[in-house]
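Just so we're on the same page: letters track the sequence lines, and every chain starts at 1.
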There are 2 protein chains.
Amino acid sequence: MPTPPRRGRGRPAAPVLSRERIAEAAIGLVEEKDYRHLTMSSLSKRLGVSTSALYNHVASKRDVMVLIQDRLNAEIDCSGFDAAPWDEALRLWARSYRRCYIRHTALIPIMAVLPVADSPETLQMYERVAHGLEQAGLDGAAVVDVIVGVEALVFGAAYDASAPADIFDPGSLAELAPTFTRLAAARAEEPGDSAERAFERALEALIRGLDDQLSAEVTGPVRA
Amino acid sequence: MPTPPRRGRGRPAAPVLSRERIAEAAIGLVEEKDYRHLTMSSLSKRLGVSTSALYNHVASKRDVMVLIQDRLNAEIDCSGFDAAPWDEALRLWARSYRRCYIRHTALIPIMAVLPVADSPETLQMYERVAHGLEQAGLDGAAVVDVIVGVEALVFGAAYDASAPADIFDPGSLAELAPTFTRLAAARAEEPGDSAERAFERALEALIRGLDDQLSAEVTGPVRA
DNA sequence: ACCTGAACACCGTTCAAGT
DNA sequence: ACCTGAACACCGTTCAAGT
């Protein structure tokens with residue numbers, strides 16, 4: 001078997017690290033384990049370097065998270081905006097977006113407040129969505145707000161989907177909340193993924209409501 | 001000036017800590033500074049005890065965060081559900097909820113996945129909302145989904161509102177996203193709080209869409 | 001420029017000792 | 001039961017030394 005490279009003390013002939021390799025290793029790490037195991041130490045071990053070597057390529061652990069997030073966002077499906085009606089395209093995008101972040105909720109606090117200037121793939125995702133919505137005839141002044149609104153729902157729904165199944169079981173506190181307890185219990189009885197159902201209901205409502213708003217704002221209705 | 005109590009080594013005559021005192025001190029801490037300054041060490045210092053003393057009353061730092069969250073949720077305005085129509089009550093609740101979490105985004109990852117059994121005030125908030133919605137004639141099978149949907153939007157919008165003002169400025173990456181850049185720039189020109197506008201638009205759309213859905217599901221329309 | 005290895009300033013948490 | 005103080009097993013980050 002090949003001996004681990006056991007590098008000497010000085011600068012290697014060719015760089016062994018790059019931002020790309022770091023991003024790849026970080027994604028591998030969080031997909032095998034979870035975000036609690038993503039440490040600068042575990043990351044450097046996986047890459048076969050000392051921990052401090054990482055800091056020649058990234059500024060901080062947060063920077064690593066930003067790299068992950070940018071790679072991830074490149075995989076989100078925006079294809080609907082090329083052909084489908086805007087409401088259907090928005091649905092497909094939102095579902096793909098949510099599905100992605102269910103397994104990466106640890107990135108949400110970063111992604112949600114990260115300037116797009118630090119994230120080229122994320123920016124290009126927004127471009128496809130914005131271009132598609134404008135092309136479909138949506139009021140330009142509303143486009144960014146629509147993106148922000150759908151995104152907000154997606155992030156919240158991703159958390160919800162990652163919550164334990166008994167999140168709405170009041171346990172010994174049931175008598176504090178009789179109505180809620182009854183409705184939550186009935187909901188838990190229904191088959192299937194209730195977090196997904198709630199998301200679909202809200203997404204449908206949001207899109208329908210946006211359609212109504214935007215139809216009212218322009219002379220003709222947006223929908224056919 | 002009163003000397004700090006400089007306790008001896010053994011058990012004090014009366015307990016100096018309680019979960020209530022800890023919660024109060026923790027909230028005071030995050031309101032003066034921010035969540036980066038909330039450490040078990042800073043908390044114990046504020047309470048005049050050693051750090052390990054905290055563990056006689058709470059199981060973990062996460063437990064402290066849960067205490068904060070529960071206290072906070074007790075302050076969210078659910079009064080609309082006593083009198084106003086359900087859609088207006090939902091609006092008031094969502095606005096109060098968002099406003100609260102803008103300054104406490106660090107709690108969102110906890111709050112969003114926390115079983116209600118661990119949080120009596122939160123449970124009672126849900127009870128008021130659920131009872132109000134059912135009383136207003138909403139389909140019982142939809143009530144919890146509606147709560148979940150509005151909450152998802154609220155959490156996402158709270159992040160958005162806490163983001164830096166230049167979050168959509170593409171900087172040197174502008175040519176990657178011409179449409180988005182143009183629309184984001186125009187949006188930034190508009191006076192006022194654009195995050196709040198986006199939230200209000202999405203909330204309005206969501207509620208209108210829910211109204212449509214729920215009117216279609218029952219025999220008579222829900223709205224007058 | 002880009003690596004290693006040691007060191008720094010924290011963290012949350014545990015636990016024996018004390019009353 | 002409920003405190004103190006010491007200790008543990010980490011963290012992310014910095015930096016001099018090496019090539």
Participant: Quick check against the 3.5 Å criterion: does B:Ser42 have a side-chain atom that pairs as donor or acceptor with the backbone of B:His37?
Facilitator: yes
Participant: Flag the pair B:Leu43 / B:Lys61 as yes when at least one side-chain heavy-atom distance between them is below 4.5 Å, and no otherwise.
Facilitator: no
Participant: Checking A:Gln69 against A:Ser119: is there a side-chain donor and acceptor pair closer than 3.5 Å?
Facilitator: yes
Participant: Given atom NZ of B:Lys61 and atom C1' of C:dT14, what is their separation to the nearest angstrom?
Facilitator: 18 Å
Participant: Rounded to whole angstrom units, what separation is found between the CG atom of A:Leu43 and the C1' atom of D:dC11?
Facilitator: 14 Å
Participant: From CG of B:Leu54 over to P of C:dT13, roughly how many Å is that when rounded to an integer?
Facilitator: 10 Å
Participant: Reading DNA chain C 5' to 3', what string of ( ), [ ], | and . shows its pairs, if Watson-Crick and G-U wobble pairs count only when both distances fall under 3.5 Å?
Facilitator: ||.|||||...|||||.||
Participant: Counting any heavy atom closer than 4.0 Å, what does A:Thr51 reach on the DNA or RNA strands: base, sugar-phosphate only, or nothing?
Facilitator: base
Participant: Which atoms form the tightest heavy-atom contact between A:Tyr101 and A:Leu107, and what is the distance?
Facilitator: CE2-CB, 3.9 Å
Participant: Return yes if some donor-acceptor pair links the side-chain N/O of B:Ser44 with the main-chain N/O of B:Met40 below 3.5 Å, else return no.
Facilitator: yes
Participant: A:Lys45 NZ to D:dC11 P: how many Å, rounded?
Facilitator: 9 Å
Participant: Name the residue closer to the 5' end of DNA chain D, choosing between B:Pro15 and A:Ala53 according to the nucleotide with the nearest heavy atom.
Facilitator: B:Pro15
Participant: How close or far is atom C1' of D:dC11 from atom OH of A:Tyr55, stated in whole angstroms?
Facilitator: 9 Å
Participant: Given that B:Pro12 and A:Ser18 both sit by DNA chain C, which one's nearest nucleotide is further toward the 5' end?
Facilitator: A:Ser18
Participant: State whether B:His57 places a side-chain N or O below 4.0 Å from either non-bridging phosphate oxygen (OP1 or OP2) of D:dC3.
Facilitator: yes
Participant: So which nucleotide from D:dC3, C:dT13, C:dC2 ends up closest to the side chain of B:Asn56?
Facilitator: D:dC3
Participant: How long is the line joining CZ of B:Arg36 and P of C:dC10, in whole Å?
Facilitator: 15 Å
Participant: Answer with yes or no whether A:Ser52 presents, from its side chain, a donor or acceptor under 3.5 Å of a partner atom in the base of C:dG5.
Facilitator: yes
Participant: Between B:Arg11 and B:Arg62, which residue's closest nucleotide on DNA chain C lies nearer the 5′ terminus?
Facilitator: B:Arg62
Participant: Measure from the side-chain heavy atoms of B:Ser50 and tell me the nearest of C:dT4, D:dG5, C:dC3.
Facilitator: D:dG5
Participant: Atom CZ of residue position B:Arg99 - does it have more than 12 heavy atoms of other residues, nucleotides or ligands inside 6.0 Å?
Facilitator: no
Participant: Classify A:Thr39 by what it touches in the nucleic acid, base, sugar-phosphate, or nothing, heavy-atom distance under 4.0 Å.
Facilitator: sugar-phosphate
Participant: Can you see whether A:Phe168 has A:Arg187 sitting over its ring - NZ or CZ less than 6.0 Å from the centre and within 45° of the normal?
Facilitator: no
Participant: Quick one: B:Leu47 CG to D:dC2 P, roughly how many Å, whole number?
Facilitator: 15 Å
Participant: What is the distance, rounded to the nearest whole Å, between atom CG of B:Asp63 and atom C1' of C:dG12?
Facilitator: 13 Å
